[in-house]
Amino acid sequence: MKEKVSAAPSHPGKGAQRSGFSGKLGYILAVAGSAVGLGNIWRFPYLAAKYGGGMFLLVYLLLMVTFGYVLIMSETALGRMTGKSPVGAFRAFGKSLPFCLGGWVNAVVPMLIVPYYCVIGGWVLKYLVEYLKGSAAALAGDGYFTDFIASSGKVEFWFLCFSLLVFFVILAGVKQGVERVSKVMMPVLVMLAVLVAVYSVSRPGAWEGVKYFLIPNFDNFSWMTVVAAMGQMFYSLSIAMGVLYTYGSYIGKDVDIEKSTAQVELFDTAIALLAGLMIIPAVFAFSGGDMEMLQAGPSLTFITLPKIFSSMGVGALVGVAFFLMFFFAALTSAISLLETSVSSLEDEMHWGRPKCCLLMAVVMMVVGTTSSFGYGIWDSVKIFGLAFLDFFDFLTNSVMMPLAAFSTCILIIRVVGFKKIAEEVECSSAFRRKKLYNFFLKYLAPVCIAIILFSSIANVLGWITL
Ligand code: PFF
């Protein structure tokens, strides 16, 4: 049956020029398309491997159904209520400095994420091209990835290629086409991920990895588990970066916000779990759960996947298929990050689209190039002990996103009020978890954010060791 078109803005006049989704399904697919990306396939497995396996997973799931749920609901409801992206949404409730800062901190996050996102996108593109060239065996060799990221010129080249593709799509306005392709690619990605996960889990010695990933062991708990799990939850669900405000402003009053939140959370987590099952058991199978390997961080996915593929016999073929899907997941997410950044600039600076794209190109060159060089020629330069890419990742995920989330919570608690949010949600359906929402927002969220923010900053400054 055809979906009812519900893209009309909720308040004529204010949102009259906003584009919209082609109905409820279009909205869910767009949010899921933006949610599923590098965060699920690259970031989640390496953080889970590094910060306690099953313990990380448990904390992640708990945070997602409480804190994550509250934030997705809040941002979407505020976006739909005001018909604006974050800066405008905050300004709709007040013009003073705190409102301005609250809106901008949400809007700036995607601008800082998209450059280093494109650096990783470049790594994916490089691997895809190498698989197409038939270099599967070389990719699986020890030290291949480490050598690659140390060659700054090469990393920069692939970063520029990936970024140009993203800009091309944004400028040429072929986003619709890409989204259509990704709707086909996503189910294929899921199928391939299931196949690779089953293969990985069934390797000799892999079972220990499955246990490490799925069974919480309290010995593996540290505060860093909570800090990392929360940052990952923001990143993966596209929370605290203005995206959900913007998407919320595009939807009609008939979209059941609570139901679609649950669907997106479920889908996003399923993909992350699959990626964890592809990668962590394989680390145990290939290295016997070597701690150093588990701590490999950002490189883990790129080292482990080629090894799994090459041991599969049909590895080259699976490698091409997998990295193609991985590339599309990264591309659609990067497009939505850049699109959000450009539209915030358009809305707030009242500049034309080309000028906004130009400014973003400059930001991307600066932040992306430093990130590209950070593991190579600039690897002696560290900020608070972190390489550039890790620093930008830390700054956005562990500092700015908690601040952005904090502003949203305070806006609702002190200014908007629960009643208005409830009315907004109830436009389309009953608000089933209203009491829980109020409780989490009022008591859990601010405390959680304050603890995380303090501990991650104190850790980086060396005041405490997590
Ligand atoms: N959620 C994406 C990921 O997990 O890779 C990252 C992201 C994409 C965040 C697009 C925000 C966004 F608009």
Side-chain angles (χ1 to χ4, degrees), residues 21 27-48 60 63-64 68 71-72 75-76 79 85-86 105-124 162-163 166 169-170 175 178-179 182 185-186 189-190 193 228-250 261 264-276 298 301 325-345 360 364 389 392-393 395-397 400-401 404-405:
F21 296 114
Y27 166 66
I28 292 168
L29 284 174
V31 180
S34 133
V36 174
L38 295 172
N40 307 64
I41 301 163
W42 160 73
R43 206 169 182 278
F44 181 86
Y46 90 69
L47 288 175
Y60 180 82
L63 282 172
M64 188 191 65
L71 283 171
I72 302 187
E75 293 188 11
T76 316
S85 38
V105 70
N106 276 276
V108 167
V109 173
M111 300 179 193
L112 285 179
I113 290 187
V114 70
Y116 82 80
Y117 204 89
C118 289
V119 174
I120 322 284
W123 300 352
V124 177
F162 189 87
S163 308
V166 178
V169 173
I170 297 273
K175 192 165 172 279
V178 173
E179 269 175 17
S182 80
M185 288 286 193
M186 275 299 156
L189 176 81
V190 175
M230 182 150 117
Q232 173 60 15
M233 186 197 74
F234 287 145
Y235 193 96
S236 191
L237 293 170
S238 313
I239 297 171
M241 40 183 117
V243 179
L244 296 171
Y245 279 93
T246 311
Y247 281 9
S249 73
Y250 293 155
T261 300
V264 169
E265 284 195 327
L266 205 70
F267 185 60
D268 190 70
T269 309
I271 305 276
L273 277 174
L274 274 176
T301 304
M325 311 303 149
F326 194 4
F327 167 70
F328 259 93
L331 187 68
T332 49
S333 289
I335 291 167
S336 102
L337 277 167
L338 187 61
E339 177 69 34
T340 313
S341 311
V342 169
S343 66
S344 288
L345 288 175
M360 278 313 298
M364 289 199 42
L389 192 147
F392 289 120
D393 192 59
L395 177 70
T396 47
N397 286 270
M400 295 181 72
M401 290 190 202

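Start at 1 and go down the list; that is how both ligands and their atoms are numbered. This chain uses plain numbering: 1 for the first residue, then up along the sequence.
In summary, the atoms of ligand 1 found under 4.0 Å from a heavy atom of Ser34, numbered by their order in the structure, are 1 (N), 2 (C), 7 (C), 8 (C), 10 (C), 12 (C), 13 (F). Taking every non-hydrogen atom of Val243 and a distance limit under 4.0 Å, the qualifying atoms of ligand 1 come out as 11 (C), 12 (C), 13 (F). Here is the list of ligand 1 atoms found below 4.0 Å of a heavy atom in Ser238: 1 (N), 7 (C), 9 (C), 11 (C), 12 (C). Taking a cut-off of under 4.0 Å to the non-hydrogen atoms of Tyr117, the atoms of ligand 1 that pass are 2 (C), 3 (C), 5 (O), 6 (C). Those atoms of ligand 1 that come under 4.0 Å of a heavy atom in Met241, given as number and element, are 9 (C), 11 (C). Residue contact check: Leu38 has heavy atoms under 4.0 Å from atoms 5 (O) of ligand 1.
Side chain to side chain, Thr340 and Thr246 fail the donor-acceptor criterion of an N or O pair below 3.5 Å.
Only the backbone of Ala35 comes within 4.0 Å of ligand 1, counting heavy atoms alone; no side-chain atom from C-beta on gets that close. Counting heavy atoms under 4.0 Å from ligand 1, residue Arg43 does not touch it at all.
Listed for the Ser333 side chain is a donor-acceptor partner under 3.5 Å among the backbone atoms of Ser34.
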Step-by-step side-chain contact (heavy atoms from CB on, under 4.5 Å) determination, Phe327 to Phe162: CA-CA 9 Å; Phe327 167 70; Phe162 189 87; 3.7 Å; yes

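Checked by distance only, ligand 1 and Gly39 come closer than 3.5 Å through their nitrogen or oxygen atoms. The shortest N or O to N or O distance between Ser236 and ligand 1 is below 3.5 Å.
The heavy-atom pair separating Met364 from Ser163 by the smallest distance is CE-OG, 3.7 Å. Considering every non-hydrogen atom in both Tyr235 and Gly39, the closest pair reads CE2-CA, 3.5 Å. In this structure, Pro115 and Met111 approach most closely via the heavy-atom pair CD-O, 3.1 Å. When all heavy atoms are compared, the tightest approach of Ala334 to Val114 is O-CG2, 3.9 Å.
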